[in-house]
> 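Once you've had a glance at the structure underneath, I'll fire off some questions.
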Amino acid sequence: MFYTYQMEYNFSAFEKKWQHYWLENKLFASEADPSKPKFYCLDMFPYPSGSGLHVGHPEGYTATDIVCRYKRAKGFNVLHPMGWDAFGLPAEQYAIQTGTHPAITTKKNCDTFRRQIQSLGLSYDWDREINTTDPAYFKWTQWIFIRLYNTWFDTELQKGRPINELPVPEAVKAQGGEAVQQYIASKRLAYYDNAQVWWCNHCKTVCANEEVLNDGSHEKCGTKEVERRFLKQWMLRIPHYAERLLQGLEGLDWPAGVKDMQRNWIGKSTGAEVDFIVEGLSQKLKVYTTRPDTLFGATYMVVSPEHNLVNELVTPENMGAVDEYIKAAALKSDLDRTELAKEKTGVFTGRFAINPLTGKKIPIWVADYVLMGYGTGAIMAVPAHDTRDFEFAKTFGLPIVCILDPESAEPALREKVLDGNACWTEDGAYINSANTELGLDINGMNKNDGIQTVIDWLMEKNLGKATVNFKIRDWLFSRQRYWGEPFPIIHWEDGEVSVVEDEKLPVKLPETNKYHPGESGESPLSNVPEWLEVLDENGRKGRRETNTMPQWAGSCWYYLRFIDPKNDKEPFSKAKENYWMPVDLYIGGAEHAVLHLLYSRFWHKVLFDLGIVSTDEPYQKLYNQGMILAFAYETVSGSKVPSDMVEEKDGKFFHTKTGEELKQIVAKMSKSLKNVVNPDDVVAKYGADSLRLYEMFMGPLDATKPWTDTGVKGVYNFLKRVFYFFAEPENIVNGEEDRDTLKVLHQTIQKVGNDLEDLKFNTAISQMMIFTNHCYKKGEVSKSTAETFMKVLAPFAPHIADELWTKYGNKPSVSQQPWPVFNKEYLEEDTFEYPVSFNGKMRYKLPLPIAMPVAEIEKAVHSHEMSVKWIEGKQIVKTIVVPGKIINVVVK
RNA sequence: GCCCGGGUGGCGGAAUUGGUAGACGCGCUGGACUCAAAAUCCAGUUUCAGCAAUGAAGUGCGGGUUCGAUUCCCGCCCCGGGUACCA
């Protein structure tokens, strides 16, 4: 049925209708079907906060939704799920304040999020919705933890293996059962140990290294109340997978920046370990260096204050000073150490080591610029060629010996370096680097050859060996909180630690009304004796682990559960996993570039090694959506002014109270600036299609961009124009389509399709606007053209597309129609309007047959009346003709 | 400091492998419709000069390669993100 009069674009009259239709008819439900190509498209599932959706969420969700709708039209079997990463602190803090159980808050927040997401017309398969706080879900999180606990990493095979395959050395076996257990524990990927950890006094919990920002604040709460504590904690040996995690990046279609960040975080470095003889001590001092080639220039050594040889190294007369220094260093946090990086501190131990190459005595110092957690916690210092050592040597007047001539440096700098008055870390030619007695001479060599030669020599003389080091540390995996997955672990009174059997999972959270964590790191779970205390069949007493898992746990494997979310026999069916994995497109914020994505890759690789999943990597293509910002206002002095205190006059901004002129800036949306945009309001005012379209039209998906209400109005106008034109029966005619219209239509089919493959939504929308503008100029199009356009528009604005599609007498839904095939014939032209340039400047345009030979084109250009004034009095040097592109005449 | 991005009209942003700079949208200006307004439609809109035709300049700055550079190379400046004594 056609409209018989021009109707308003009354989106609210049909958006809800179509959303219900899609949902009720399960249009977007998908089942594994090996006969069809699959496409697994995933959003980073949200933490359902109490404040609801903000406009940043729909950005990524709309992008994936458009891709999914497009891929379905292209014949793919699409998996597109949504769920909730619902463990976390806010619900628990709320519980502490109000006594409301976090499960209640969480459910309410999830309901809000679901309602908001559904109001955007996103094509999720809601039958697959999951929630990390659901025992039916975290049963399997616990199950995976047990797998981690029961896995060791075989360095030789570079592969995780079941713990029962771990070869135990005879020497350990000889020491008895306890030693064997300890040995096994030392190899498990999950282990329980005393660790120096970050403790947040505000959150009353420990946090991962990764969660402490470099300004010393806690990522989760923003306070700077973090400090070091020693606590018994669960740790995961992610460094065992460092090399695999690094190598795995190679084949992934990820933003280069994210790969770089992961590489930096893993922090692989190659170098050598070198043993130094210490005067008057039987133990040798082992250092790690990436520059073994500079051994000739090592003039002193430094051990970190926590080094286990410090007490042996320090001589009686230096004991007092060293003790004092170590105590002071222990009180400093890593942050303090870093902040004071400008001024190096340290103290002499009184002991000397021998430089194996020069034979000279070199002093051993203790200094906190050497960290215990990296390498061996001791270094050889080469002040001439390491900036940190140089600063230290300058501060304490230690000798600086240049052993690498900076040939490429400017003469003045080179002079200073040679004299030991400047530091040089680049390449050059070695000097003072030979010891003929020991058979080593690298003088004249460059850095690369020098490093290799010295390493070979060290190996040969048994003084050291080539070594690889990683920055990445063990992952602190427990939190002293209530609202998290309980560990499936029991500590028995006899000291044994055991995991809960698979059949007894999940270990659920107990009911309690005391959510307060203890002052000294006991979890709220330790206040629930009936849950805490257990007995085994022999009457042995045990206590459950009271820590809970960090929020990262649930998100480490959720993409796998989406594949088979209702399975209560196993985490997911092997066959389905085999069909759907890997995730083909994963879109989310760049803030997860390291933590979530690295943790998740780690778990996945373990599961892969154990044969539980079929791919080595979980996410094939990753894309980060940019942040959506808002305009904000500040005074000349830089203080921010809330948006409701600002008025605009002639493009300038003024304070409503003081009249002061204000500067418009771009900032994050915040309650205090009163510039937060709520998607619900946008949907109410302009409709879901407008919100979707605007989010995509703002700019490239990965760009950071400011929200403007006039921008929303822009795409809303576009949709109105679409509606007015395509809902008007007089505009839609029967019969053959006009050639011009076919051309623009097929350009649009092609451009939109290509842009979607590249995630270039903004230019795709622009092309649809061009098509619509063309239709207005023409005044009418054929029914077939209108229907084709609806198929192209449908992924972006599915409600209006289905509304118009059915008005043409078609059965719903247009989203089940195949993507239109573009026909190249319509795009071909027999003439091309050449831009004619003289010396590279475009001067006029000349339409010529596309098939015209180059020689004739030249003739036509040279003889053209417009060319006269550019050629007159000059000589034509040459004429460049690129057929179908440009003509450039070079004159002199 | 180091590693990634990015600087294009009044604004958001377009420009295959180097080939018409400013698509599309916002805003603005003018016109149509209207008693009027809103809505809608049509036209114009990089800057400067000119009534116009047209000309000159122009993609952060300075050089270079090229018939031709937003695109490639060298040296800077600014903005955003990450990271930071990792030997």
Side-chain angles (χ1 to χ4, degrees), chain A residues 6 8 213-214 255-261 263-265 267-269 271 287-291 294 302 304 334 337-342 344 367-371 373-382 386-389 391-392 469-473 590-591 593-594 624 626-627 629 631 651 664 666 693-694 697-700 702-715 717-718 720-721 724 754 760 762-770 772-773 776-777 833-845 869 877-882 884-891:
Chain A
Q6 194 182 56
E8 282 300 304
L213 305 178
N214 59 6
V258 176
K259 286 192 187 183
D260 277 339
M261 282 164 70
R263 284 193 195 103
N264 280 335
W265 194 265
K268 182 179 182 176
S269 89
V287 304
Y288 172 72
T289 177
T290 54
R291 296 292 306 274
T294 59
V302 183
S304 91
D334 276 11
R337 290 193 185 185
T338 310
E339 271 183 352
L340 297 172
K342 295 283 177 295
K344 293 262 184 305
D368 65 5
Y369 82 93
V370 173
L371 307 173
Y374 187 78
T376 63
I379 61 154
M380 64 176 211
V382 185
D386 181 284
T387 48
R388 298 150 303 182
D389 297 344
E391 285 166 23
F392 191 80
N469 251 306
F470 293 94
K471 277 203 282 194
I472 191 169
R473 309 291 164 82
E591 67 274 18
V594 179
N624 296 125
M627 222 189 314
L629 305 176
F631 285 114
Q664 190 183 48
V666 171
L693 222 51
Y694 177 60
F697 189 62
M698 290 173 82
D702 58 354
T704 304
K705 46 219 174 243
W707 183 275
T708 60
D709 196 58
T710 52
V712 191
K713 226 178 273 172
V715 294
N717 279 343
F718 164 65
K720 270 203 285 198
R721 278 165 67 79
Y724 288 164
N754 288 346
K760 288 160 71 175
N762 53 334
T763 48
I765 293 167
S766 139
Q767 181 61 40
M768 292 190 287
M769 288 172 169
I770 291 170
T772 306
N773 291 345
Y776 268 79
K777 284 209 178 71
E833 194 175 47
Y834 278 95
V836 181
S837 304
F838 292 83
N839 291 341
K841 271 265 172 219
M842 205 279 287
R843 295 303 175 181
Y844 67 93
K845 288 184 186 165
K869 74 181 207 191
V877 180
K878 62 171 154 176
T879 304
I880 287 134
V881 177
V882 184
K885 276 271 164 64
I886 51 109
I887 298 165
N888 189 20
V889 184
V890 186
V891 294

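Every value quoted in this text rests on a predicted model; they were computed, and no experiment measured them. Lettering of chains follows the sequences in order, A, B, ..., and the numbering in each one begins at 1.
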> Indicate, yes or no, whether a donor-acceptor pair under 3.5 Å links the base of B/U17 to the side chain of A/Lys885.
yes

> B/G9: syn or anti, with syn meaning chi within 90° of zero?
syn

> Output yes when at least one side-chain N/O atom of A/Lys705 is less than 4.0 Å from OP1 or OP2 of B/G25, else no.
no

> Work out how far the P atom of B/A21 is from that of B/G58, and round it to whole angstrom.
13 Å

> Please give the distance between the P atoms of B/C11 and B/G27 as a whole number of Å.
15 Å

> Using only modelled atom types and a 3.5 angstrom limit, is any donor from either the side chain of A/Lys713 or the base of B/C26 paired with an acceptor on the other?
no

> For A/Tyr776 and A/Arg721, work out which heavy atoms get closest and say how close.
OH-O, 2.8 Å

> Taking all heavy atoms of A/Ile765 and all of A/Leu693, pick out the closest pair and write down the distance.
CD1-O, 3.6 Å

> Return yes if some donor-acceptor pair links the side-chain N/O of A/Tyr834 with the main-chain N/O of A/Lys885 below 3.5 Å, else return no.
no

> On a whole-Å scale, what distance lies between the C1' atoms belonging to B/U8 and B/A57?
15 Å

> Within the pair A/Asn264 and B/C4, is there a side-chain N or O less than 4.0 Å away from OP1 or OP2?
no

> Think A/Arg721 has a side-chain N or O under 4.0 angstrom from the OP1 or OP2 of B/C42?
yes

> Counting only Watson-Crick or G-U wobble pairs whose two distances fall under 3.5 Å, which nucleotide matches B/G1?
B/U83

> Considering every strand and a 4.0 Å limit on heavy-atom distances, what is the contact class for A/Ile880: base, sugar-phosphate, or nothing?
base

> For B/C35, what is the paired nucleotide under Watson-Crick or G-U wobble rules, both distances under 3.5 Å?
none

> When you match A/Met380 and A/Asp260 each to their closest nucleotide on RNA chain B, which lands nearer the 5' end?
A/Asp260

> Between A/Asn717 and B/A39, is there a side-chain N or O to OP1/OP2 distance below 4.0 Å?
no

> With both distances kept under 3.5 Å, what pairs with B/C28, Watson-Crick or G-U wobble?
B/G44

> Let me spell it out: for each of A/Gln767 and A/Thr704, pick the nucleotide of RNA chain B with the closest heavy atom. Which residue's pick is nearer the 5' end?
A/Thr704

> Between the base of B/C67 and the side chain of A/Asn888, is there a donor and acceptor pair under 3.5 angstrom?
yes

> Ignoring backbone atoms, establish whether A/Asn773 has a side-chain N or O less than 4.0 Å from OP1 or OP2 of B/G25.
yes

